[in-house]
Amino acid sequence: MQRFNKSFTAQEPIGEDAIEAAVKVMRSGRLHRYNKDAGEQNDVDLLELEFSRHLGSRYALAVSSCGFSLQLALRSTGVTHGTPVLCNSFTLSPVPGAIENCGATCILVETGDDLTVDINDLKRAAEQSGARHLLLSHMRGHIADMDKVMSLCRSMGIRLIEDCAHTMGARWNGKPSGTFGDIGCYSTQTYKHINSGEGGLIVTDDEDIMARCVLMSGSYMLYDYHHAAPGVEAFEALRWTTPNFSGRMDNLRAAVLRPQLAQLDHAVQRWNRLYHALASFLSEDPEIRLAVRDPREEFVGSSIQFFLPTFTSEMMNGFIKQCENLGVTISWFGKAIPTKYTSSHDSWQFIANARDLPHTRKVLSTLCDLRLPLTFSVEDCNTIAGIIKHSIANITAEKST
Ligand SMILES: *Cc1c(COP(=O)(O)O)cnc(C)c1O
């Protein structure tokens, strides 16, 4: 079997237009977002305006990371020390981390076979805990039935915060991910959909929430310098009582992001071309079950998830190793020990009185996850699928002898 020689971590270079914009910022020396006069619009201001327009939201704020934005989102919707916060269990560690950072209590909710939140368990957990906040993480771009989520949130008075680290550019039934709840949070970390190394973005239509976020992000008393935030009246009372957590975005990152945002829809098409090609190659193997997606889900295929439902833990281990030896890097969510970026709810032992999640454990036990960098081609997807199928055949043959 021919080894696959491309790297799963390779990125496309930053475009020349973005490099030029970054150089211009460096030549000016004005990197800090408030290093300007009140009426001026610098790259951070323009990024916020362009992002709010992109999503059709009233307000937008750029910050230092998505994890930081989640913390601001929680705090701005009333989460404080000891507040119970519901969260779907299939997510990345910065999500429970943001809840912990507020001193709040994370209430993990079961994951369904489609990798999204289990609505029945969500209702049960809300009733049992009395929680009135939901941090919904659209992990790996899998979007729950937002009609059902919204209807539950409305009927129970639950405030919704969306973690859109993997759904920038995605929609549910035509409506952009991140515009369903009270507030949406996005990442611009290198592995997400636009790349500034580190960075985060927040959108909301709520004046009070945005005013709190701006102050907490570290605006000092320069909130009137913002162009995608509410007017000064919204800040009058809050300025005395809102702490500054200092997590701003700078003009250098914003300059690099603006041309990428303009190209986002095109990048989404390119990701989905790779995703559908690989999904179609993989679906030929009866051992592979692809994560089911609702037709209303307009996702971004920047990664792909599949299950090997008949595989034991030992077989999974062998399979992952064989793929790795042939150059195909797969993350396995059922692994007992957290490695690299991949950890599961069982390893977040800082969560007090964690709920038992037997269904999630079962779902994750054979869950495989592959990154699809835009540096890959459809031909590469064919090669990768060939290696995966070859490794599956080897493992199942070993088992039957
Ligand atoms: C990456 C990621 C985050 C955190 O984003 P950062 O910008 O790295 O803080 C949050 N949620 C999910 C699902 C992620 O993948």
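The structure displayed is predicted, hence computed values, not measured ones.
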*Asks:* Check this for me: Gln2, atom CD, are more than 12 non-hydrogen atoms of other residues, nucleotides or ligands nearer than 6.0 Å?
*Replies:* no
*Asks:* Does any donor atom in the side chain of Thr360 or Glu110 lie under 3.5 Å from an acceptor atom in the other side chain?
*Replies:* yes
*Asks:* Any side-chain heavy atom of His133 within less than 4.5 Å of one from Ile99?
*Replies:* no
*Asks:* Please report the closest heavy-atom contact between Ser343 and Ser93, naming both atoms and the distance.
*Replies:* OG-CB, 3.9 Å
*Asks:* Do Leu264 and Val268 have side-chain heavy atoms sitting under 4.5 Å apart?
*Replies:*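 Leu264 reaches Val268 side chain to side chain.
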*Asks:* Begin with the C-alpha distance, continue with both residues' side-chain angles, and end with the deciding distance and a verdict on side chain to side chain donor-acceptor pair (under 3.5 Å) for Thr116 and Asp114.
*Replies:* CA-CA 6 Å; Thr116 70; Asp114 64 353; 2.9 Å; yes
*Asks:* With side-chain contact (heavy atoms from CB on, under 4.5 Å) as the test, would you mind laying out the steps for Leu282 and Phe306 before giving the verdict?
*Replies:* CA-CA 9 Å; Leu282 292 178; Phe306 63 90; 4.0 Å; yes
*Asks:* Between Glu50 (side chain only) and Arg258 (backbone N and O only), is there a donor and an acceptor less than 3.5 Å apart?
*Replies:* no
*Asks:* If you compare all heavy atoms of Val63 against all heavy atoms of Phe68, which two are closest, and at what distance to 0.1 Å?
*Replies:* CB-CD2, 3.9 Å
*Asks:* Report yes if some heavy atom in the side chain of Gln11 is under 4.5 Å from a heavy atom in the side chain of Tyr191; otherwise report no.
*Replies:*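 The answer is yes; the side chains approach within 4.5 Å.
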*Asks:* Please check: side-chain N/O of Asn272 versus main-chain N/O of Gly301, any donor-acceptor pairing under 3.5 Å?
*Replies:*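 Yes; judged by distance alone, with no hydrogens or angles, the pair exists.
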*Asks:* If you count every heavy atom of other residues, nucleotides or ligands that lies below 6.0 Å from Lys192 atom NZ, does the total exceed 12?
*Replies:* yes
*Asks:* Please collect all ring pair (Phe, Tyr, Trp, His ring centres under 6.0 Å) contacts where either partner lies in residues 367-399, sequence neighbours excluded, each pair once.
*Replies:*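 Residue pairs with at least one partner in residues 367-399: Phe4-Phe376, Phe8-Phe376.
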*Asks:* If every non-hydrogen atom of Pro373 is compared with every non-hydrogen atom of Ala10, which pair is closest and at what distance?
*Replies:*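 The pair with the smallest heavy-atom distance is CB-O, 3.4 Å.
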*Asks:* Tell me, yes or no, whether the heavy-atom count around Lys175 atom NZ, taken from other residues, nucleotides or ligands under 6.0 Å, exceeds 12.
*Replies:*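 Check passes, neighbour count above 12.
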*Asks:* Is any side-chain heavy atom of Arg371 less than 4.5 Å from a side-chain heavy atom of Tyr341?
*Replies:* yes
*Asks:* Tell me if the NZ atom of Lys148 is crowded by more than 12 foreign heavy atoms within 6.0 Å.
*Replies:* no
*Asks:* Indicate the ring-plane relationship of Tyr186 and Phe51, choosing parallel, tilted or perpendicular according to the 30° and 60° boundaries.
*Replies:* perpendicular
*Asks:* Begin with the C-alpha distance, continue with both residues' side-chain angles, and end with the deciding distance and a verdict on side chain to side chain donor-acceptor pair (under 3.5 Å) for Ser65 and Gln189.
*Replies:* CA-CA 7 Å; Ser65 75; Gln189 189 247 70; over 6 Å; no
*Asks:* Side chains of Leu160 and Met146: does their closest heavy-atom pair fall under 4.5 Å?
*Replies:* yes
*Asks:* Kindly indicate whether the side chain of Gln305, heavy atoms from C-beta on, has any atom under 4.5 Å from the side chain of Met139.
*Replies:*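 Gln305 does not reach Met139 side chain to side chain.
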*Asks:* Are any side-chain N or O atoms of Ser219 and backbone N or O atoms of Met221, one a donor and one an acceptor, separated by less than 3.5 Å?
*Replies:*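 Absent.
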*Asks:* After noting the C-alpha distance and the side-chain angles of Tyr59 and Val214, does the key distance pass the side-chain contact (heavy atoms from CB on, under 4.5 Å) rule?
*Replies:* CA-CA 10 Å; Tyr59 307 122; Val214 166; over 6 Å; no
*Asks:* Rounded to the nearest 0.5 Å, how far does CD1 of Ile388 lie from SG of Cys368?
*Replies:*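 Here the interatomic distance stands at 8.0 Å.
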*Asks:* By side-chain hydrogen bond (donor to acceptor under 3.5 Å, both in side chains), which residues pair with Arg124, not counting sequence neighbours?
*Replies:*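 With neighbours one apart ignored, the set is Asp121.
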*Asks:* Any pair with a residue in residues 70-88 that passes side-chain hydrogen bond (donor to acceptor under 3.5 Å, both in side chains), sequence neighbours left out, goes on the list, sorted by first then second residue, please.
*Replies:* Gln71-Arg75
*Asks:* Any sub-3.5 Å donor-acceptor pair from Asp224's side-chain atoms to Ala38's backbone N or O?
*Replies:* no
*Asks:* To the nearest 0.5 Å, tell me how far Asn353 CG sits from Thr105 OG1.
*Replies:*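 Rounded to the nearest 0.5 Å, the CG-OG1 separation comes to 8.5 Å.
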*Asks:* Would you mind checking if Asp285 and Lys389 are paired as a salt bridge, meaning a charged N to carboxylate O distance below 4.0 Å?
*Replies:*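 Judged by the 4.0 Å cut-off on N to carboxylate O distance, Lys389 and Asp285 do not form a salt bridge.
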*Asks:* Quick one: does any side-chain atom of Arg248 pair with a main-chain N or O of Gly218 as donor and acceptor, under 3.5 Å?
*Replies:*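 Judged by distance alone, yes, a pair lies under 3.5 Å.
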*Asks:* Can you name the residues that form a side-chain hydrogen bond (donor to acceptor under 3.5 Å, both in side chains) with Ser137, not counting sequence neighbours?
*Replies:*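 Thr91, Asp163.
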*Asks:* Is there a side-chain contact between His138 and Trp172 in this structure, where contact means two heavy atoms from C-beta onward sitting under 4.5 Å apart?
*Replies:*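 Not touching, per the 4.5 Å side-chain cut-off.
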*Asks:* Counting distance only, does the side-chain N/O of Lys6 pair as donor-acceptor with the main-chain N or O of Asp380 below 3.5 Å?
*Replies:* no
*Asks:* Apply side-chain contact (heavy atoms from CB on, under 4.5 Å) to residues Ile158 and Arg132 and explain how you reach the verdict.
*Replies:* CA-CA 4 Å; Ile158 294 173; Arg132 290 302 172 262; 4.1 Å; yes
*Asks:* How close do His142 and Ala291 get, counting heavy atoms only, and between which atoms?
*Replies:*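 Heavy-atom minimum between the residues: CE1-CB, 3.6 Å.
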*Asks:* Is Arg3 reaching over with its side chain to a backbone N or O of Asn325, donor-acceptor style, under 3.5 angstrom?
*Replies:*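 At least one qualifying donor-acceptor pair exists.
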*Asks:* Taking only Lys NZ, Arg NE, NH1 and NH2, and the carboxylate oxygens of Asp or Glu, determine whether Arg33 and Glu48 approach each other closer than 4.0 Å.
*Replies:* yes
*Asks:* Okay, side chain of Glu287, backbone of Thr310: is any donor-acceptor separation there less than 3.5 Å?
*Replies:* no
*Asks:* Using the ring pair (Phe, Tyr, Trp, His ring centres under 6.0 Å) rule, collect all pairs that involve residues 211-230, keeping only residues at least two apart or in two chains.
*Replies:* Tyr34-His226, Tyr223-Phe235
*Asks:* SG of Cys87 to CH2 of Trp348: how many Å apart, nearest 0.5 Å?
*Replies:*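 With rounding to 0.5 Å, SG (Cys87) is 7.0 Å from CH2 (Trp348).
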*Asks:* If you measure from SG on Cys164 to NE2 on His193, what distance do you get to the nearest 0.5 Å?
*Replies:* 10.5 Å
*Asks:* I'd like to know if Asp43 pairs up with Arg253 as an ion pair, taking the criterion as any Lys NZ or Arg NE/NH1/NH2 lying under 4.0 Å from an Asp or Glu carboxylate oxygen.
*Replies:*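 Salt bridge flag = no for Arg253 with Asp43.
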*Asks:* Using a strict cut-off of less than 4.0 Å between a Lys/Arg side-chain nitrogen and an Asp/Glu carboxylate oxygen, indicate whether Lys123 and Glu127 qualify as a salt bridge.
*Replies:* yes
*Asks:* Run the numbers on Asp113 and Val292 for side-chain contact (heavy atoms from CB on, under 4.5 Å), then give the verdict.
*Replies:* CA-CA 8 Å; Asp113 293 333; Val292 176; over 6 Å; no
*Asks:* For the side chain of Trp271 and the backbone of Leu372, is there at least one donor-acceptor N/O pair under 3.5 Å apart?
*Replies:*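 Yes; judged by distance alone, with no hydrogens or angles, the pair exists.
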*Asks:* I need the single residue from Arg212, Arg159, Arg154 that forms a salt bridge (Lys or Arg N to Asp or Glu O under 4.0 Å) with Asp182. Which is it?
*Replies:* Arg159
*Asks:* Quick check for you: to the nearest 0.5 Å, what is the distance between Leu70 atom CG and Glu162 atom CD?
*Replies:* 11.5 Å
*Asks:* Taking it one step at a time, do Ser302 and His166 satisfy side chain to side chain donor-acceptor pair (under 3.5 Å)?
*Replies:* CA-CA 8 Å; Ser302 52; His166 300 155; over 6 Å; no
*Asks:* Measure from the side-chain N and O atoms of Gln263 to the backbone N and O of Pro259, and report whether any donor-acceptor pair falls under 3.5 Å.
*Replies:*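 Between the backbone of Pro259 and the side chain of Gln263 there is no qualifying donor-acceptor contact (under 3.5 Å).
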*Asks:* Roughly how far apart are Ser89 OG and Leu108 CG, rounded to 0.5 Å?
*Replies:*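 CG of Leu108 is found 6.0 Å from OG of Ser89.
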*Asks:* Give every donor-acceptor pair under 3.5 Å between a side-chain atom in residues 311-322 and any protein atom, sequence neighbours left out.
*Replies:*
{"from": "Thr312", "atom 1": "OG1", "to": "Met315", "atom 2": "N", "distance (Å)": "3.2"}
{"from": "Gln322", "atom 1": "OE1", "to": "Asn394", "atom 2": "ND2", "distance (Å)": "3.0"}

*Asks:* Quick one: does Cys213's side chain get under 4.5 Å of Ile183's, heavy atoms only?
*Replies:*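 Yes. Closest side-chain heavy atoms under 4.5 Å.
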